[in-house]
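Owing to the predicted nature of the structure, the values given are computational and were not obtained by experimental measurement. In listed order, ligands and their atoms are each counted from 1.
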Amino acid sequence: MKLSHCITHLTGGGSDGWDVFYRARQMISDGYAVIELTIGEHDIRTDPSILEAMDLSARQGHTGYAMVPGTDLLRDTVAARLQARTGVPTTRNNVLITPGGQSALFAAHVAVCGPGNVGLYLDPYYATYPGTIRASGATARTIQTTAEDAFQPRPEQIEAAANDAVSLLINTPNNPTGAVYSRPTLEGIAKICRERDLWLISDEVYDTQVWDGEHISPRTLPDMKERSLVVGSMSKSHAMTGSRCGWIVGPEEVISHLITLATHTTYGVPGFIQDAASFALNAGTSLEGKISEPFRRRRALAVSILSNQNTVGLVPAQGAMYVMLDIRATGLSGEEFANTLLDTHSIAVMPGESFGAAAAGHIRVAMTIDDERFESALNKICELAKELAQNTVARV
Ligand SMILES: Cc1ncc(COP(=O)(O)O)c(C=O)c1O
């Protein structure tokens, strides 16, 4: 039987740099002790107080169908949170609750892109981006950023690619690079969006994890409220990856269409999950501080370890739960280095190539193990890189 073009062409095909991840998973299930620094899964579980709120809600009977747009409580809570953080007036009518940020990314693209349209995204990118744009039926067009620019996008490059595009997807703080987009970068992006009449889909799921600089939501910039769809999630800020709870914040008209889309796709998010999310968001910054603090510490460790050697470069780690390391001095690709690291030291990291061509020659290290093992893993990475770089020099 024939399958649809949409479903069979979601991924670009070919090697996508995820082989090392699957190999590490296989080694773990075969009983090897692998230090897992691949995906963005916290080493802390959801806080017991959030689980208690979830349990209480479920026991009180919130296990039936919930309101499709989200409960009034959670929509109000998200609206108030965004308004407090950005100053942009926001009400529940600007908010749709979704089963996680990924579902929000998909819905946002379906709202503004379709067959015959072009959706833009920046390389390096979160692994699902091109497929998510394609899932809307649109063509995904990538724009390169460079290590030399610390992976801050150049507005003129976006402009050059913007011709027939309808949307631009950005992510700050950024996975995988750790870049936090500066005000001038965001102002440049906003200008292009206004001039070229682009929707801006702004993925802000790491907005509570900023180590350097400040998180600026582009929705706050002049005339951007009406053309921005902001994606948020409980996954990263509150270690609730498995609860699948996120949101889109945007203009009321778009949200009302998205509610219709949700009615015909997800049919909402479980009420007890939403009650737990409302509890967590209303608990102030202490719960999210507990989640972000270990990453802040480990990021400081990474800065200190990397500053004691000169083979491995640290891409300025301004936010999010990863550090991106430049291993080009070894002469190996990110994929070759990650495979060698797994074979020789049983440490699993993501090759930069799994996040696009712009991250070639890099590896992404998730800061998701205890400080001691994280420090030891980083030291081993630096030692291996030094050895490989010396071999490369000896060969030349
Ligand atoms: C940049 C980015 N956006 C969105 C997501 C999706 O998060 P979730 O669907 O768990 O909310 C992730 C998850 O790793 C991510 O890194």
Quiz prompt | Single hit among Thr368, Asp371, Asp370 for side chain to side chain donor-acceptor pair (under 3.5 Å) with Arg298 | solution = Asp371
Quiz item: Polar-atom distance check: Ser103 versus ligand 1, any N or O pair below 3.5 Å?
Solution: no
Quiz prompt | Closest protein heavy atom to atom 9 (O) of ligand 1, given as residue, atom name and distance to 0.1 Å | solution = Arg244 NH2, 2.7 Å
Practice problem: Determine, step by step, whether Thr185 and Gln152 satisfy the side chain to side chain donor-acceptor pair (under 3.5 Å) criterion, reporting the C-alpha distance in whole Å, the side-chain angles of both residues, the deciding distance to 0.1 Å, and the verdict. | Solution: CA-CA 7 Å; Thr185 298; Gln152 292 272 332; 2.8 Å; yes
Exercise. Can you sort out which atoms of ligand 1 are near Gln102, meaning under 4.0 Å from one of its heavy atoms?
Key: 6 (C), 8 (P), 9 (O)
Self-check item: Closest non-hydrogen atom pair, Pro89 against Lys225
Solution: O-CE, 3.5 Å
Quiz item: Should Asp275 and Met54 count as side-chain neighbours, where that means a heavy-atom distance under 4.5 Å?
Solution: no
Quiz item: Lys236 heavy atoms, cut-off 4.0 Å: which ligand 1 atoms fall inside?
Solution: 13 (C), 14 (O)
Quiz item: Can you tell me which residue and heavy atom of the protein come closest to atom 12 (C) of ligand 1, and the distance to 0.1 Å?
Solution: Tyr126 CZ, 3.3 Å
Self-check item: Nearest neighbour in protein (non-hydrogen) for atom 4 (C) of ligand 1
Solution: Asp203 OD2, 3.4 Å
Quiz item: Judging by distance only, is a nitrogen or oxygen of Gly101 under 3.5 angstrom from one on ligand 1?
Solution: yes
Exercise. Report, in ascending order of atom number, the atoms of ligand 1 lying under 4.0 Å from any heavy atom of Ser233.
Key: 8 (P), 11 (O)
Practice problem: Measure the distance from atom 10 (O) of ligand 1 to every protein heavy atom, then report the residue, atom name and distance (to 0.1 Å) of the closest one. | Solution: Ser235 OG, 2.7 Å
Quiz item: Can a donor-acceptor pair be found between the side chains of Thr172 and Glu204 at a distance below 3.5 Å?
Solution: no
Quiz item: Should Thr241 be listed as contacting ligand 1, given a heavy-atom distance under 4.0 Å as the test?
Solution: no
Exercise. Just say parallel, tilted or perpendicular for the rings of His362 and Phe151, cut-offs at 30° and 60°.
Key: perpendicular
Self-check item: Passing candidate, side-chain contact (heavy atoms from CB on, under 4.5 Å) with Asp123, options Thr145, Thr142, Ile143
Solution: Thr142
Self-check item: Contact partition for Met234 relative to ligand 1, non-hydrogen atoms under 4.0 Å
Solution: neither
Self-check item: Same cluster (ILVMFWY, side-chain, under 4.5 Å), Ile259 and Leu229
Solution: yes
Quiz item: Should Tyr267 and Thr265 count as side-chain neighbours, where that means a heavy-atom distance under 4.5 Å?
Solution: no
Quiz item: If you measure every N/O of Tyr206 against every N/O of ligand 1, is any gap under 3.5 Å?
Solution: yes
Quiz item: Asn171 heavy atoms, cut-off 4.0 Å: which ligand 1 atoms fall inside?
Solution: 1 (C)
